[in-house]
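In what follows, every heavy atom counts, from backbone to side chain, and hydrogens, waters and symmetry copies are set aside. Keep in mind that this is a model prediction, so the values were computed, not measured.
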Amino acid sequence: MQIARVALDVPLHRFFDYRVPEGEPLSLTDIGYRVRVPFGQQQKIGILTELPVDTDFPLDQLKTIGKVLRDLPPLPAAWFRLARFCAAYYHAPLGQLMLSTLPAGLRALTPAKGRPRHRLAAEASAQPAPTLTCEQQASLLAIANGVDGFHAYLLHGVTGSGKTEVYLRLIERTLAAGRQSLLLVPEINLTPQLEARVRARFPDAGLVSLHSELGEAARSRNWQAALTGDARVVLGTRLAVFTPLPELGLIVVDEEHDVSFKQQDGIRYSARDLAVFRARDSGIPIVLGSATPSLESWANASASDRRERYRLLSLRERAFEGARLPLVRCVDTRIDKPQDGLSGALLVALEQRLAQAEQSLVFLNRRGYAPVLACAACGWTSACHRCAANLVLHLADQCLRCHHCGFEARVPKLCPSCGNQDLSAFGRGTQRLEMILAEHFPQARILRVDRDSASSRKQWEALAARIQGGEADILVGTQMLAKGHDFPKLTLVAAIAPDAALFAADWRAPERLFAQLMQVAGRAGRADRPGEMLVQTQFPQHPLYAALVRHDYQAFAAQQLKERQQAGFPPYAYQAMLRAEAPQMADALSFLAIARACSPCDMADQVTFYDAVPMRLSRRASRERAQLLVESLSRRALQGLLANWVTRLEAMKIPSRLRWHLEVDPLEF
């Protein structure tokens, strides 16, 4: 009797053994096929992982495989190695991880019928490549002359320096070598423009995209094209890092610093870090590109007291001839006091751009009309009854909305507490800023771009087309507009109220603020018109703003890394966070206290456990949340402890309504 070991989508750290049907023997070449198997009272789709010679279970108790699905090639060995590493590092059930990376259509017992994907002949000739700058040529030459096999390159290029052209030249070389390329981007909204450029340059390369807005059939079709080798270039967001590519020759991670590469629910993996592992495992180069690299990547490429893991490549000048980095000016709002959030200097600058038929962007990373609705008579505020946060006023929709749990309520006509009719909106969001600008500039065409106005890719493409077509004079936007977009007529960027992040409790906040401001500044002056950025601040002498004015990422990064080293923060330490949610905070804290007490003692001298505390957003969706930080100067010691600890945690008896999860390398605190 032959035995097959199958991975299933269940939250258990084990595979399941089945009998192979008589007369249908399997061989090692069948490993990686999907299989349909009975599980309990139902049927499930699993993945054949092994053909063991024996089993720990009585043979007569083993169920028989229903069917081996050979409609696709088997998953390659490299895909298995990536999945095993991810499950081991992030301490996730391997079977659950494996199945979750497949398109939903391939996990279904009756997959949706979609039209087959055909490789079409190129409808147009390939778009000619532009002339490279000296810095672009030097970067490509450094990669071409690098050692064969794996090497990680950090491409640090100022905004508009032509990082994308470097990616395209590397993809061109990879295609010429008969291999596939994987290009990862942090957000769906960055894919249309980049996809158009890749398709125009390589019209017959079988480009496919993979992201969450694709329909089930389309995602399955594109994923299959990658597995069979029909697709030579794959452009995707976070989950695309798991795409099986049998002839992979290059990985590119664009905007590698972006937190969107970190999964924040389910299995909490970092796609950027997994991409580096995949490149190393496959023996191929990987390029991490950004104008504001993450401090972890910068330390890997430049720190003198650590082994250099990445090779640093720099693009210091903009690629467009005559284009210069924007002039950055800080507007001291203690002197030039804003009216309705807009300083006098900003109003003058906007008026000048309107007179010159140029576009401006007013950046405020807060959507909605106002952060809170309040009653001055009794002190009532529009608090969310499910979260430890306020309901945001969305005047356009006439509703109060929680940006954490999604709860909505109609805007009250009277104060729910005292009946006062005079309710006030405090603070500003993009909707309110849009209205204020319309009052100041009634002749201007104002366009708001945020998650409310562009909640889907189609909506974003329509807005982007209007911007490119010159149908907007003033843009009001959130971080959606801060990176990856090229609007030639945009010459002025203004940042409204960025100071809050300077003194936030999260020690990563300054890094995120600097990256955000540098990225949004980079939208201005990308063509032949000079650009300018105004930053409204009460702290114009702050070192962060001083570095921003000089476009000096290196100085900012050096200062931040020095502070982190002194404080013992990543990348000079390694962290994991155990979080718990329960209807009552006492239950969550009690669980974490018990979890800390049951931790292994053999590495207590190398690992530090901090006290369990409520999370900053202590209540979300009617559940109280707490966390326990674990830290070590040794990644090996931390991982060794976590592997043992997770086993003990899963054996604990916990209340039915309590949930917990472990996050390795957390980004949110």
For this session: Verify salt bridge (Lys or Arg N to Asp or Glu O under 4.0 Å) between D611 and R596, making sure each step is shown before the conclusion.
Result: CA-CA 9 Å; D611 292 335; R596 177 179 178 178; 2.9 Å; yes

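- A salt bridge links E511 with R564: the distance from a Lys NZ or Arg NE/NH1/NH2 to an Asp or Glu carboxylate oxygen falls below 4.0 Å.
- What you find for L658 and A582 is that their closest heavy atoms are CD1-CB, 4.1 Å.
- Here R84 does not pair with D281 in a salt bridge; the nearest charged N to carboxylate O distance is not below 4.0 Å.
- A side-chain donor from one of Q263 and D265 sits under 3.5 Å from a side-chain acceptor of the other.
- Rounded to the nearest 0.5 angstrom, E563 CD and W507 CH2 are separated by 12.0 Å.
- For CZ of R636, the number of neighbouring non-hydrogen atoms (other residues, nucleotides, ligands) closer than 6.0 Å is 12 at most.
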Problem set entry | Residue pair L102, I47: steps toward the side-chain contact (heavy atoms from CB on, under 4.5 Å) verdict | CA-CA 10 Å; L102 302 186; I47 299 172; 4.0 Å; yes

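- Both tests do not hold together for R81 against F85: distance to the six-membered ring centre under 6.0 Å, angle to the ring axis within 45°.
- A salt bridge does not link D258 to R272: none of the charged nitrogens lies less than 4.0 Å from a carboxylate oxygen.
- No hydrogens or angles considered: nothing links the side chains of H403 and R451 as a donor-acceptor pair under 3.5 Å.
- Considering every non-hydrogen atom in both E631 and A573, the closest pair reads CG-CB, 4.1 Å.
- Nearest heavy-atom pair across S100 and R107 is O-NH1, 3.7 Å.
- With rounding to the nearest 0.5 angstrom, the CG atom of L561 is 5.0 Å from the CG atom of L295.
- Between K262 and E663, at least one side-chain N (NZ, or NE/NH1/NH2) sits under 4.0 Å from a carboxylate O, which counts as a salt bridge.
- A salt bridge is defined here as a Lys NZ or Arg NE, NH1 or NH2 lying under 4.0 Å from an Asp or Glu carboxylate O, and R616 with D506 meets this definition.
- The ring pair (Phe, Tyr, Trp, His ring centres under 6.0 Å) search around F514 returns F556, not counting sequence neighbours.
- At distances below 3.5 Å, at least one donor-acceptor pair connects side-chain atoms of E213 with backbone N or O atoms of R457.
- Between the side chains of T292 and Q519, at least one donor-acceptor pair of N or O atoms lies under 3.5 Å.
- For W460, the ring pair (Phe, Tyr, Trp, His ring centres under 6.0 Å) partners at least two apart in sequence or on another chain are H485.
- Side-chain contact between L106 and Q224 is present, with at least one heavy-atom pair separated by less than 4.5 Å.
- Formation of a donor-acceptor pair under 3.5 Å by the S290 side chain with backbone atoms of E256 is not found in this model.
- Under the 4.5 Å side-chain criterion, counting only non-hydrogen atoms from C-beta, V241 is in contact with L184.
- Using a 4.5 Å cut-off on side-chain heavy atoms (C-beta onward), M652 and C598 make contact.
- Side chain of R367 to main chain of T478: no donor-acceptor pair is present (N/O by atom type, distance under 3.5 Å, no hydrogens or angles).
- The CZ atom of R623 lies 13.5 Å from the SG atom of C405; values are rounded to the nearest 0.5 Å.
- Side-chain contact between Q431 and D452: present, with at least one pair of heavy atoms (C-beta onward) separated by less than 4.5 Å.
- Residue I594 holds its CD1 atom at 11.0 Å from CG of L589, rounded to the nearest 0.5 Å.
- Between F242 and L274, the shortest heavy-atom distance links the atoms CZ-CD1, 3.5 Å.
- Aromatic pair Y269/F277: centroids not less than 6.0 angstrom apart.
- Residues Q639 and H91 have side chains that bring a donor and an acceptor to within less than 3.5 angstrom of each other.
- In this structure, Q627 CD and W660 CH2 are separated by 15.5 Å, a value rounded to the nearest 0.5 Å.
- Side-chain contact between F407 and H385 is present, with at least one heavy-atom pair separated by less than 4.5 Å.
- The neighbour count for Q584 CD, taken as heavy atoms of other residues, nucleotides or ligands under 6.0 Å away, does not exceed 12.
- Of the possible polar contacts, none joining the D254 side chain to the V185 backbone as a donor-acceptor pair under 3.5 Å is found.
- Closest non-hydrogen pair, L629 versus A576, comes out as CD1-O, 3.5 Å.
- In terms of modelled atom types and a separation under 3.5 Å, the side chain of D450 and the main chain of S453 share a donor-acceptor contact.
- Of all heavy-atom pairs spanning A4 and L48, the tightest one is CB-CD1, 3.5 Å.
- Under the side chain to side chain contact (heavy atoms under 4.5 Å, CB included) criterion, R19 pairs with M1, L62, T64, not counting sequence neighbours.
- When atom types are taken as modelled, the side chain of E650 and the backbone of T647 share no donor-acceptor pair closer than 3.5 angstrom.
- For the side chain to side chain contact (heavy atoms under 4.5 Å, CB included) test, residues two or more places apart in sequence or in another chain that qualify with A83 are L94, L97, M98.
- Within 6.0 Å of NZ in K458 there are 12 or fewer heavy atoms belonging to other residues, nucleotides or ligands.
- A distance-only check finds a donor-acceptor pair linking the side chain of R268 to the backbone of G266 [under 3.5 Å].
- With sequence neighbours excluded, the residues satisfying side-chain hydrogen bond (donor to acceptor under 3.5 Å, both in side chains) with S455 are Q459.
- For the pair P412 and L423, the minimum side-chain heavy-atom distance is below 4.5 Å.
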Exercise. Between L364 and R366, is a side-chain contact (heavy atoms from CB on, under 4.5 Å) present by the stated rule, with each step listed?
Worked result: CA-CA 6 Å; L364 176 62; R366 185 187 300 128; 4.2 Å; yes

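- Shown here are the ring pair (Phe, Tyr, Trp, His ring centres under 6.0 Å) partners of W645, two or more places apart in sequence or in another chain: F609.
- Rounding to the nearest 0.5 Å places CG of L628 at 11.0 Å from CZ of R579.
- Residues L373 and L391 are not in side-chain contact: their nearest non-hydrogen atoms beyond the backbone lie 4.5 Å or more apart.
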